[in-house]
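Reminder, nothing fancy here: chain letters follow the sequence lines and each chain counts from 1.
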Amino acid sequence: MRNQQLGHKVRRQHVIEEFIIDFAFLNEQVLIEVDGDYHNDEEQKQYDEIRTCYLNDLGYELIRFSNNEIEHQIEEVIAKISTILKSKKAQLNIEEKASHQIKVYTTRPDTIFGVDFLVLAPEHDLVNQITTEAQRGSINEYLTYVKSRSDRERMAEVKQISGCFTGAFATNPFNGKQIPIWIAEYVLAGYGTGAIMAVPCGDQRDFLFAQHFEIPITNIIGNHFDGTQANPTKEAVLQNADFLNGLLMKDAIKVAIEKIESLGIGKRKVNFKMRDAGFSRQRYWGEPFPIRWEDGMAMAKEETQLPLELPHVEKYGPGPEGEGPLANIESWKSENLETSTMPGYAGSSWYFLRYMDPKNSNTFCDKKVSDYWGQVNVYIGGTEHAVGHLLYSRMWTKVLFDLGHIGFDEPFKRLVNQGMIQGSSRFVYRVKGTNEFVSFGLKDNYDTDELHVDVNFVDGIELNTAAFSNWKPDYANASFILEEGKYLCGIEVEKMSKSKFNTVNPDDLVLKYGADTFRMYEMFLGPIEQSKPWDTKGIEGVHRFLRKLWRLFNDDLKGKVWNDENASDAELKILHRTIKKIESDTENFSYNTAVSAFMVCVNELSDLKCHKKTILENLLILLMPYAPHISEELWHQLGHTTSILDAAYPIFEASYLVESSKSYPISINGKLRTNIEMSLTAEQSEVEQIVLNNEIVQKWLEGNAPKKIIFVKGKMVNVVV
RNA sequence: GCCCAUGUGGCGGAAUUGGUAGACGCAGCAGACUCAAAAUCUGCCAUUCGCAAGGGUGUGAAGGUUCGAUUCCUUUCGUGGGCACCA
């Protein structure tokens with residue numbers, strides 16, 4: 001719309017009821033839609049017709065232009081819009097003498113009788129029209145103040161209350177009450193309708209606002225409101241609320257909506273929050289947009305001219321006006337090509353499809369090929385990927401599915417969000433306005449600033465003051481207030497980040513223990529989904545396990561100890577129990593319990609002094625994904641000449657695990673009292689007899705007959721007395 | 001404020017569909033081997049009463065369902081993460 005050269009306020013992609021309109025002139029009630037080729041389709045034409053009628057009924061005039069008109073006859077298009085806007089303006093000026101309607105959006109229609117004022121966003125279209133002459137000066141002053149504030153300030157200073165009265169009053173449609181209309185920056189133009197009904201007894205922000213500007217408060221929830229703060233409950237019974245009196249608030253919501261709809265003064269609506277895509281980056285690395293700018297309009301390159309490839313650049317510095325590096329390329333600029341590039345997730349949202357068919361020069365991926373490979377089995381990522389990459393990847397996939405290019409509409413079969421390894425931060429406390437630092441235990445006696453200190457200068461919580469002083473020139477002259485001769489730091493678990501000086505480098509550990517130990521220790525720390533602070537305490541245990549494994553193959557003094565003997569039943573039982581456990585733990589991403597199962601297995605084999613190749617080689621294959629280096633090494637020591645990666649995975653045999661008897665736990669009234677070894681084939685009557693004859697059970701029965709005996713085969717026995 | 005996790009020994013954490021709470025590891029204690037150390041091995045290790053045998057209490061807190069609850073239900077408190085002047 002030519003950068004508002006039309007002299008009218010235009011909104012792009014504005015939502016009206018359930019439609020997204022390409023361009024909307026809300027003041028003039030004129031909407032512009034631009035139709036592409038697919039609007040020539042009969043079915044689509046009918047749909048468009050319905051949409052046009054519906055919007056006309058709401059009082060809007062809808063004008064349609066074809067894509068072709070926009071591209072080739074833009075001057076005519078603009079002229080036409082101008083003419084219509086002019087005629088509309090005249091019409092509206094007459095109507096403006098009449099009263100206005102303010103639409104508000106609320107999730108709590110049950111509180112309609114507690115409304116004490118209305119607040120519009122400062123940017124709201126009606127502000128100018130409804131402001132009374134008496135208030136115009138203050139309103140303009142307030143608007144100037146709001147404009148001077150950056151978004152950042154508005155978000156940061158949440159506690160600060162500001163606003164201005166317009167002088168106008170609105171009528172509550174239910175009880176005719178006159179309620180003052182204010183404007184305030186805490187109401188956002190972009191959310192809902194940009195106007196709220198304020199209920200001070202139920203909403204804390206509204207309450208603070210009312211208190212600050214001394215607006216009288218109506219109480220509709222009786223004792224639930226104590227006059228000192230709002231109570232956002234839904235559990236109170238309404239009073240002072242006309243037809244809602246006596247209703248529980250959460251039930252009243254439905255009643256109120258129905259009443260509002262039957263009176264035709266509003267409607268039920270789900271409000272969606274739009275997430276801003278921000279789909280461009282001012283940098284070099286990223287797919288270039290196939291977009292050319294002409295007279296301020298973005299034009300897509302012809303399909304035949306694709307792909308558009310990144311040009312070679314000498315430098316990656318920004319362009320003359322702060323644009324991306326592509327702005328430095330003559331040929332790029334002369335074509336008026338877009339200089340921003342796409343963000344990382346543009347490509348990462350669909351590259352798995354291209355990987356299926358990477359050499360295809362006709363299409364990104366033959367449908368036959370993607371049908372064969374199907375969805376990605378598992379997606380593992382952190383939560384930040386869940387909102388970024390994952391969101392877009394799902395959208396890409398759904399679009400490609402709708403267009404018929406692929407046969408599935410979700411990219412990933414399974415999603416695992418791994419937890420974060422957090423940092424354990426350390427803090428020092430500087431007495432305000434000085435270069436004096438006070439130890440943690442004494443800091444409450446002073447007015448201090450809390451500062452992050454590099455964790456490498458801290459042993460436990462004791463600060464190495466010399467290292468700290470050398471850290472930055474500012475601290476060279478620092479003095480310290482110690483407790484018991486030590487400077488103690490504060491601790492907090494946070495995201496690991498350079499800015500928090502709590503990062504640790506795994507290189508040192510890898511150097512000391514090897515990559516296998518490090519890898520297994522990370523797995524052993526706990527469930528993969530859980531976040532936890534990094535702590536190397538316990539890495540020794542994993543390292544000892546690998547050494548113990550090594551000793552099953554080699555003796556420190558004698559060298560090779562593994563042999564070709566046949567395995568015993570006991571050894572086979574250990575092996576197959578491990579195969580079963582590792583298989584299921586691996587599939588469930590339960591890596592910490594898998595590592596534990598390996599430890600149990602190696603402990604038991606050591607106890608049996610088992611050095612048999614037939615057992616050990618299977619164990620190595622299981623271990624390979626967990627400790628790849630040592631597994632490969634030992635595999636070759638066993639005489640294999642090919643990689644362990646090519647070995648067949650061991651097959652679990654249930655027959656090795658069959659037991660004939662079990663040591664049953666015996667409870668009296670649910671409390672464990674003893675264990676009795678019994679055959680696994682024993683039935684209820686047989687078990688009852690054995691249990692009742694048991695000395696310890698008899699002691700607890702004290703001569704009484706049991707009320708009931710619960711027997712779960714293969715599990716336990718409970719005697720109820 | 002909203003959403004999602006989560007709470008079990010000194011510590012990290014185990015515990016199939018409700019069925020022996022504390023597997024495995026760390027730290028700790030005692031011992032073996034050694035001139036000594038490292039490495040390795042053995043035993044103990046929730047808490048409380050008890051010489052012992054054996055009891056009591058225990059999975060953030062309070063209730064409930066059940067023969068039986070870390071597991072299910074209700075309420076509540078704490079912690080971590082994500083989003084947020086979002087009505």
Side-chain angles (χ1 to χ4, degrees), chain A residues 104-109 111 118-119 121 151 154-162 184-199 202-206 208-209 232 271-275 382-384 386-387 417 419-420 422 492-495 520-521 524-527 529-533 535-545 547-548 551 555-556 581 584-585 588 590 592-603 606-607 662-675 696 699 706-721:
Chain A
V104 297
Y105 175 75
T106 181
T107 55
R108 296 295 301 278
T111 61
L118 234 52
V119 189
D151 282 354
R154 278 176 77 164
M155 286 206 262
E157 293 161 29
V158 178
K159 299 260 155 58
Q160 194 178 322
I161 298 163
S162 76
E185 58 179 344
Y186 82 89
V187 173
L188 304 176
Y191 187 75
T193 58
I196 63 160
M197 53 181 234
V199 184
D203 182 286
Q204 186 62 15
R205 275 181 335 220
D206 297 345
L208 291 173
F209 194 85
N271 214 1
F272 293 95
K273 174 153 166 52
M274 296 278 187
R275 191 185 152 93
T383 49
E384 68 276 29
V387 286
N417 277 138
M420 241 187 305
Q422 297 159 315
E492 209 171 299
V493 172
E494 303 177 292
K495 216 179 207 174
M520 272 191 114
Y521 179 58
F524 190 55
L525 276 174
E529 305 88 355
Q530 246 168 56
S531 292
K532 55 173 62 72
D535 183 1
T536 55
K537 201 169 62 188
I539 197 169
E540 286 284 349
V542 176
H543 191 62
R544 272 179 214 147
F545 156 74
R547 297 171 70 106
K548 196 163 182 178
R551 288 199 302 274
D555 184 274
D556 287 347
K581 178 86 175 135
S584 68
D585 282 355
N588 294 322
S590 183
N592 56 327
T593 53
V595 173
S596 157
F598 280 122
M599 289 173 169
V600 172
C601 175
V602 167
N603 286 348
S606 300
D607 288 346
K662 174 185 170 64
S663 172
Y664 275 96
I666 313 296
S667 301
I668 315 284
N669 288 340
K671 291 203 170 188
L672 179 74
R673 296 302 174 188
T674 187
N675 286 282
I696 295 166
K699 190 188 103 189
K707 257 191 206 153
K708 204 174 174 187
I709 296 178
I710 289 145
F711 169 61
V712 183
K713 201 169 179 182
K715 291 268 168 146
M716 45 62 69
V717 181
N718 188 18
V719 181
V720 186
V721 184

Colleague: Quickly work out the R108(A) CZ to C86(B) P distance and round it to whole Å.
Modeller: 15 Å
Colleague: I want to check one thing: is the phosphate of A27(B), taken as OP1 and OP2, less than 4.0 Å away from some side-chain N or O of R544(A)?
Modeller: yes
Colleague: What's the closest nucleotide to the V712(A) side chain, out of G12(B), G19(B), G13(B)?
Modeller: G19(B)
Colleague: Is there a side-chain contact between N592(A) and P527(A) in this structure, where contact means two heavy atoms from C-beta onward sitting under 4.5 Å apart?
Modeller: yes
Colleague: Please pick, from A87(B), C85(B), C67(B), the nucleotide with the shortest atom-to-atom distance to any side-chain atom of N718(A).
Modeller: C67(B)
Colleague: Between Q530(A) (CD) and G13(B) (C1'), how many Å, whole number?
Modeller: 9 Å
Colleague: Can you tell me the base-pairing partner of A32(B)? Count Watson-Crick or G-U wobble geometry only, both distances below 3.5 Å, and say none if there is no partner.
Modeller: U40(B)
Colleague: Suppose you measure atom C1' in A53(B) against the same atom in C49(B); what distance do you get, rounded to whole Å?
Modeller: 14 Å
Colleague: Find the distance D535(A):CG to G10(B):C1' and express it as a whole number of Å.
Modeller: 13 Å
Colleague: Check the phosphate of A14(B) against N592(A), side-chain N and O only, distance under 4.0 Å to OP1 or OP2. Yes or no?
Modeller: yes
Colleague: Within a strict 4.5 Å, meaning less than it, do heavy atoms of the E185(A) and S162(A) side chains meet?
Modeller: yes
Colleague: Would you mind reading off the distance between K671(A) atom NZ and G68(B) atom P, rounded to a whole angstrom?
Modeller: 11 Å
Colleague: Over all heavy atoms of both residues, which pair between K581(A) and A597(A) is shortest? Give the atoms and the distance, please.
Modeller: CG-CB, 3.5 Å
Colleague: Nearest of U57(B), A23(B), U20(B) to any side-chain atom of N675(A)?
Modeller: U20(B)
Colleague: Could you say whether K708(A) or V542(A) is positioned toward the 5' end of RNA chain B, judged by the nucleotide with the nearest heavy atom to each?
Modeller: V542(A)
Colleague: A84(B) P sits how many Å from D203(A) CG, rounded?
Modeller: 19 Å
Colleague: Which base sits across from C83(B) as a Watson-Crick or G-U pair, both distances under 3.5 Å?
Modeller: G1(B)
Colleague: Taking only the side-chain heavy atoms of R551(A) (C-beta and beyond), determine which of A87(B), U40(B), C67(B) contains the nearest atom.
Modeller: U40(B)
Colleague: Under 4.0 Å between a side-chain N or O of K548(A) and OP1 or OP2 of C41(B)?
Modeller: yes
Colleague: Please report the shortest heavy-atom distance between K537(A) and Y521(A), naming the atom on each side.
Modeller: O-OH, 2.8 Å
Colleague: By nearest atom, which of the nucleotides G13(B), A87(B), A15(B) is closest to the T593(A) side chain?
Modeller: A15(B)
Colleague: Would you say N603(A) places a side-chain N or O within less than 4.0 Å of OP1 or OP2 belonging to G25(B)?
Modeller: yes
Colleague: So, OP1 or OP2 of U20(B): does either fall under 4.0 Å of a side-chain N or O from R673(A)?
Modeller: no
Colleague: Using atom NZ of K715(A) as one end and atom C1' of G18(B) as the other, report the distance to the nearest whole Å.
Modeller: 10 Å
Colleague: Considering all heavy atoms of both residues, which atom of F524(A) and which atom of V542(A) are nearest to each other, and what is their separation?
Modeller: CD2-CG2, 3.9 Å
Colleague: Return the value, rounded to whole Å, for the distance between atom CE of M599(A) and atom P of C26(B).
Modeller: 7 Å
Colleague: Can you tell me how far P in G7(B) sits from the matching atom in G55(B), rounded to whole Å?
Modeller: 31 Å
Colleague: Are K548(A) and N603(A) close enough that a side-chain donor and a side-chain acceptor fall under 3.5 Å?
Modeller: yes
Colleague: Return whichever of V595(A) or Y664(A) has its heavy-atom-nearest nucleotide of RNA chain B closer to the 5' end.
Modeller: Y664(A)
Colleague: Counting Watson-Crick and G-U wobble pairs only, both distances under 3.5 Å, name the nucleotide matched with G68(B), or none.
Modeller: none
Colleague: Distance check, C1' atoms only: G22(B) and U76(B), in whole angstrom units.
Modeller: 27 Å
Colleague: Mind calculating the distance between CG (D607(A)) and P (G43(B)) to the nearest angstrom?
Modeller: 9 Å
